[in-house]
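Worksheet: one structure, shown below.
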Protein chains: 2
Amino acid sequence: MAHDDVHPVSLACGDCPIRHRAVCARCESDELDELESIKYYRSFEAGQTVIWAGDKMDFVASVVTGIATLTQTLEDGRTQMVGLLLPSDFVGRPGRATAAYNVTATTDILMCCFRRKPFEEMMERTPHIAQRLLQMTLDELDAAREWMLLLGRKTAREKIASLLSIVARRDASIKLRNATGRTTFDLPLTREAMADYLGLTLETVSRQISALKRDGVIELEGKRHVTVPDMDRLLIEAGDDSDGGFLV
Amino acid sequence: MAHDDVHPVSLACGDCPIRHRAVCARCESDELDELESIKYYRSFEAGQTVIWAGDKMDFVASVVTGIATLTQTLEDGRTQMVGLLLPSDFVGRPGRATAAYNVTATTDILMCCFRRKPFEEMMERTPHIAQRLLQMTLDELDAAREWMLLLGRKTAREKIASLLSIVARRDASIKLRNATGRTTFDLPLTREAMADYLGLTLETVSRQISALKRDGVIELEGKRHVTVPDMDRLLIEAGDDSDGGFLV
DNA sequence: AACAGAATTTGACTCAAATCAAGTGGCACA
DNA sequence: TGTGCCACTTGATTTGAGTCAAATTCTGTT
């Protein structure tokens, strides 16, 4: 069992590309075996719905690769994204039988699922799983609250700049950063998904991206590939001097 | 040790008016003794700041009586409320030394505090505390996400109706409901605090409350005492057919 | 290379909420 | 009984983002 390549935040384990630190850190083989026995993989194509709000959900899961979103809707169709699930993020709630949100794959994704009941039983017996989940949930709560500030008080331009800096920041942690200080990445979301995330319309998203481009804050190749010549400038546009470390 | 009057959601314990179910449910006296030894009370007057974002915070706490708020601000002063703390709600984060938000008393409050370091150590040894905190944090996350939908997609009128129905609902659980189906309660927030919660200006809050009054959705005595003749009507105005059970 | 369909951009116009600016009303305190 | 303050209301006006309606660009397919 390779313990070197433990992923910092996942609950996945065993031969997952991503490992379960909570288990590995104090590894006991029977725990690993048990997690193995209740684990299975599911993959979804871009655009597919993983689960609808209100549906029965008899598993909890960890995103292995790809990007998924959590959304809520009002009856008249207005929709708001309430979470962006990146590799290693956790979905589902121990102790709850039905999904609270729509979960949709925005890229092709692979999820590592654990059958809920046995997972819950295991959590009862294995304290550090609950402790690890608590840390992860508190982080998500912080991210949600940061997002509330964005939704309630930022202008459209600030919202776009915030989203770009979040994507840039998390991409930068994976890709190499150019020596010139320029940052470059691909947007993993359509304009509509961005709008749903930011509480805007897709037209406004498009206009503000155009405006940021016109003003030299970003450069675009095609519709999705973005390069940021000066990250500090973008962070100023985002409106918060904070390190922008939320939501990742 | 009276176990009958256990409060459903608190971590407070011992001779607190509110008891700690996570402990009491599987009560062991040494745990109770230990919680007692790291516990102390603090009270604040309406309007006082409990702690500023960024300040050192060497305790976690549970609200015993009164109402407090969590807020975030942008440099230019725009502020967004990100949490409303009602009796039994938990503040602070195990493992974090500084406050992430401003905590302000909006009414006189009494808080039951636990010194953070010993609390964390106790949490390590007492699994059901972490499990209980996990449940509470997941509930808060759900409430935050419900609020994101409100901030991102609801109209001013819907926002006001949503806030009123939340306050009504949680007040109704304490006070008796009038046999005629009329619900009555006091607003625990100023117009400005409501605005900060809803991502509006205080003028818009005032106008929308006037409009709801004009349309007979609510009645007002003075500025703060509200009666709702028909709760279903208010829920329809709030825009979601859901039971509105969030945030309480 | 041409086409179909989707994603995106852009334009003209509207409208909900913000802003700016007086008000009013209630309450504490002299 | 006044007076000053604060919370709140209301009005006039502006404005940022939404809506509706074409274009345009991109993608994959035949």
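So you know, we letter chains A, B, ... as the sequences are listed, proteins then strands, and number each from 1. Please read these numbers as outputs of a predicted model, since none were measured by experiment.
If you measure from atom NZ of K154(B) to atom P of dA17(C), you get 13 Å, rounded to the nearest angstrom. Here dC26(D) presents its P atom at 20 Å from CD of E192(A), a figure rounded to the nearest Å. Regarding M194(A), its CE atom lies at a distance of 12 Å from the C1' atom of dT8(C), rounded to whole Å. Rounded to whole angstrom, the span from the CZ atom of R224(B) across to the P atom of dG26(C) amounts to 15 Å.
For dC20(D), the base has a donor-acceptor partner in the side chain of E203(A) [N/O atoms by modelled type, under 3.5 angstrom]. Side-chain to base pairing of R207(A) with dG16(D): no donor and acceptor N or O lie closer than 3.5 Å to each other.
Panel note: side chain Q72(B), backbone R145(A); a donor-acceptor pair is recorded below 3.5 Å. Side chain of N102(B) to backbone of T104(B): no donor-acceptor contact under 3.5 angstrom is found.
Closest to the T155(A) side chain, of the nucleotides dT19(C), dA17(D), dT9(C), is dA17(D). When distances are taken from the side chain of T204(B) to each of dA17(D), dT9(C), dA18(C), the shortest belongs to dA18(C).
Within the structure, every side-chain polar atom (N or O) of R157(B) is placed at least 4.0 Å from both OP1 and OP2 of dA16(C). Residue S206(A) places none of its side-chain N or O atoms closer than 4.0 Å to OP1 or OP2 of dT8(C). Between dA6(C) and R191(A), no contact under 4.0 Å exists linking OP1 or OP2 to a side-chain N or O.
Of all heavy-atom pairs between A195(B) and L202(B), the closest is CB-N, 3.6 Å.
Between the side chains of T227(B) and R182(B), at least one donor-acceptor pair of N or O atoms lies under 3.5 Å.
The residue S210(B) sits close only to the backbone: its heavy atoms come under 4.0 Å of sugar-phosphate atoms, none of a base. No contact: I209(A) has no heavy atom under 4.0 Å from any strand.
Each of K223(A) and V205(A) has a nearest nucleotide on DNA chain D; the 5'-most of these lies closest to V205(A).
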